[in-house]
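Counting begins at 1 with the first residue of the sequence.
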Amino acid sequence: MADLSFQDKRYLERMFEMEGGYVLDFSNRTFHNFIYDSIKFNIEEEKYYSNGESKARRLRVFWDTESNYNVGLLIEKLLEYWLVQVNMGERKIDNLLERLHNECEKISERLKSDTIVSEIEVIKEVEDDRDFSLLAKSIRESINKNEPEVALDRLHTYVMKFIRQLCENHKIEVNKDESLNAIFGKYVKFIVASDKIESVMTERILKYSIHVIEAFNDIRNNRSFAHDNAILNYPESVLIFNNVTNSIKFIESIEKTIEIENQKVETESANWEDLPF
């Protein structure tokens, strides 16, 4: 159940024009399509009809039954839809509606901040890699549905592809059959040797993470849907997801530093070549 106060619901109902059972200008068909396309929930499921058939009643049931994160995400998508209509001239806005929109945005952001995986946004799509993008999308959908245990095998695949791509970018030689912990170890060795780590403690954490990643191989093979296994329990799955996504976030910060340094070198080199001698 989402943490919505009485006042929150008043704001949202006014924003989405829910008086009389409606939600904005959606028909039953477009309401279903919009929600499914936006957050992969089927608002036609029987449970959402527990308080009546209208779109507004089903939306209220969604608020009362789904997690903070998913409710916040749907509110965000509905606000975006409303704003598109404003920008296209299909809906007029005044100061009161603008303030109401801002209040609803705050509600959405507060609810979205409550997620079982704090850094799930690092699992992201890549514009020119369809397979990688579909993998990331599938993982995030499982987290949004509060089902981390069913996505452990895909998370392992994602990390494998992610680290392999980094090694390729830095011309670190890896073999096709090498395990995840082996290629992660090579990447850690590279960033340590390149003086990208400032503290001994961080270096030790990264090197210990190689052993953690090695254990992830066992989880993937023996406690995930990669094979016919007994699936790992929910709390440990959440722990693994948070550990892995936090590591990815740190690695992305290292990669950003390397990118900035490389751009600086390229700029200085170009300036040097432009000198008149």
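Tracing side-chain contacts under 4.5 Å through hydrophobic residues (I, L, V, M, F, W, Y), one reaches V86 starting from L78; they form part of the same cluster. No chain of hydrophobic side-chain contacts below 4.5 Å, direct or via other Ile, Leu, Val, Met, Phe, Trp or Tyr residues, connects Y187 to V212.
Side-chain contact annotation: N146 with Y234, donor-acceptor N/O pair under 3.5 Å present. Remark: the E259 side chain and the N262 side chain contain no N/O donor-acceptor pair separated by less than 3.5 Å. Side-chain atoms of H170 and Q165 form no donor-acceptor pair, as typed in the model, at a separation below 3.5 Å. For D25 and Q85, the side-chain atoms include at least one donor-acceptor pair closer than 3.5 Å. Using modelled atom types, one finds a donor on one side chain and an acceptor on the other under 3.5 Å when comparing H156 with N217. Between the side chains of N33 and D37, not a single donor N or O lies within less than 3.5 Å of an accepting N or O. Side-chain atoms of N222 and N229 include no donor-acceptor pair closer than 3.5 Å. A side-chain N or O of N42 and one of H32 form a donor-acceptor pair less than 3.5 Å apart.
Under 4.0 Å is where a charged nitrogen must lie from a carboxylate oxygen, and between K106 and E103 at least one such pair does. Contact check on E125 versus R130 returns no salt bridge, with no Lys/Arg side-chain nitrogen under 4.0 Å from an Asp/Glu carboxylate oxygen. Using a 4.0 Å cut-off between charged nitrogen and carboxylate oxygen, D64 and K9 count as a salt-bridge pair. A salt bridge links K186 with E178: at least one charged nitrogen is closer than 4.0 Å to a carboxylate oxygen. Looking at E203 and K196, no side-chain N of the basic residue comes within less than 4.0 Å of a carboxylate O on the acidic one, giving no salt bridge. A salt bridge links E44 with R58: the closest approach of a Lys/Arg side-chain nitrogen to an acidic carboxylate oxygen falls below 4.0 angstrom. We find that K47 and E66 are joined by a salt bridge, their nearest charged nitrogen and carboxylate oxygen being less than 4.0 Å apart.
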task: Start with the C-alpha gap between V23 and E17, add the side-chain angles, then the distance that decides, and say whether side chain to side chain contact (heavy atoms under 4.5 Å, CB included) holds.
output: CA-CA 6 Å; V23 175; E17 303 168 7; over 6 Å; no
- request: Just do the side chain to side chain contact (heavy atoms under 4.5 Å, CB included) check on E141 and E147 with the steps written out, would you?
  value: CA-CA 9 Å; E141 286 175 1; E147 297 175 342; over 6 Å; no
- request: Kindly determine whether E149 and R223 satisfy salt bridge (Lys or Arg N to Asp or Glu O under 4.0 Å), including the steps that lead there.
  value: CA-CA 9 Å; E149 60 271 54; R223 299 302 304 272; over 6 Å; no
Intermediate values then yes/no, ring-ring contact (aromatic ring centres under 6.0 Å, His included), Y158 and F132: CA-CA 7 Å; Y158 182 94; F132 200 71; 4.6 Å; yes
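The shortest distance between side-chain heavy atoms of I123 and F162 does not fall below 4.5 Å. In this structure, the side chains of F216 and L155 come closer than 4.5 Å at one or more pairs of heavy atoms. Residues E119 and I248 fail the side-chain proximity criterion, which asks for heavy atoms closer than 4.5 Å. Residues L12 and W63 are in side-chain contact: their nearest non-hydrogen atoms beyond the backbone lie under 4.5 Å apart. The shortest distance between side-chain heavy atoms of K55 and L24 does not fall below 4.5 Å. Between S5 and D8 there is a side-chain heavy-atom pair separated by less than 4.5 Å. At least one side-chain heavy atom of V122 sits less than 4.5 Å from a side-chain heavy atom of E252. Between E76 and E109 there is a side-chain heavy-atom pair separated by less than 4.5 Å.
Without hydrogens or angle criteria, N70 side chain to N144 main chain gives a donor-acceptor distance under 3.5 Å. The backbone N or O of D153 sits less than 3.5 Å from a side-chain atom of T157, completing a donor-acceptor pair. Under a 3.5 Å cut-off, the side chain of S108 and the backbone N or O of C104 do not form any donor-acceptor pair. Distance alone, capped at 3.5 Å, places no donor-acceptor pair between the R91 side chain and the L83 backbone. No donor-acceptor pair closer than 3.5 Å links the side chain of S138 to the backbone N or O of L135. A donor-acceptor pair is defined here as one N or O able to donate and one able to accept, closer than 3.5 Å; no such pair exists between the side chain of S38 and the backbone of I35. Judged purely by atom type and a 3.5 angstrom limit, N242 uses its side chain to pair as donor or acceptor with the backbone of I116. A distance-only check finds no donor-acceptor pair linking the side chain of R220 to the backbone of A226 [under 3.5 Å]. Distance alone, capped at 3.5 Å, places no donor-acceptor pair between the S142 side chain and the V150 backbone. The backbone N or O of T202 sits less than 3.5 Å from a side-chain atom of S199, completing a donor-acceptor pair.
Taken from CG in L4 to CD1 in I75, the straight-line distance is 5.5 Å, to the nearest 0.5 Å.
Not counting sequence neighbours, the partners of D94 by the side chain to side chain contact (heavy atoms under 4.5 Å, CB included) test are L96, L97.
Across F31, F34, F16, a single residue satisfies ring pair (Phe, Tyr, Trp, His ring centres under 6.0 Å) together with Y81, and that is F34.
In this structure, the ring of F62 has its center less than 6.0 angstrom from the ring center of Y48.
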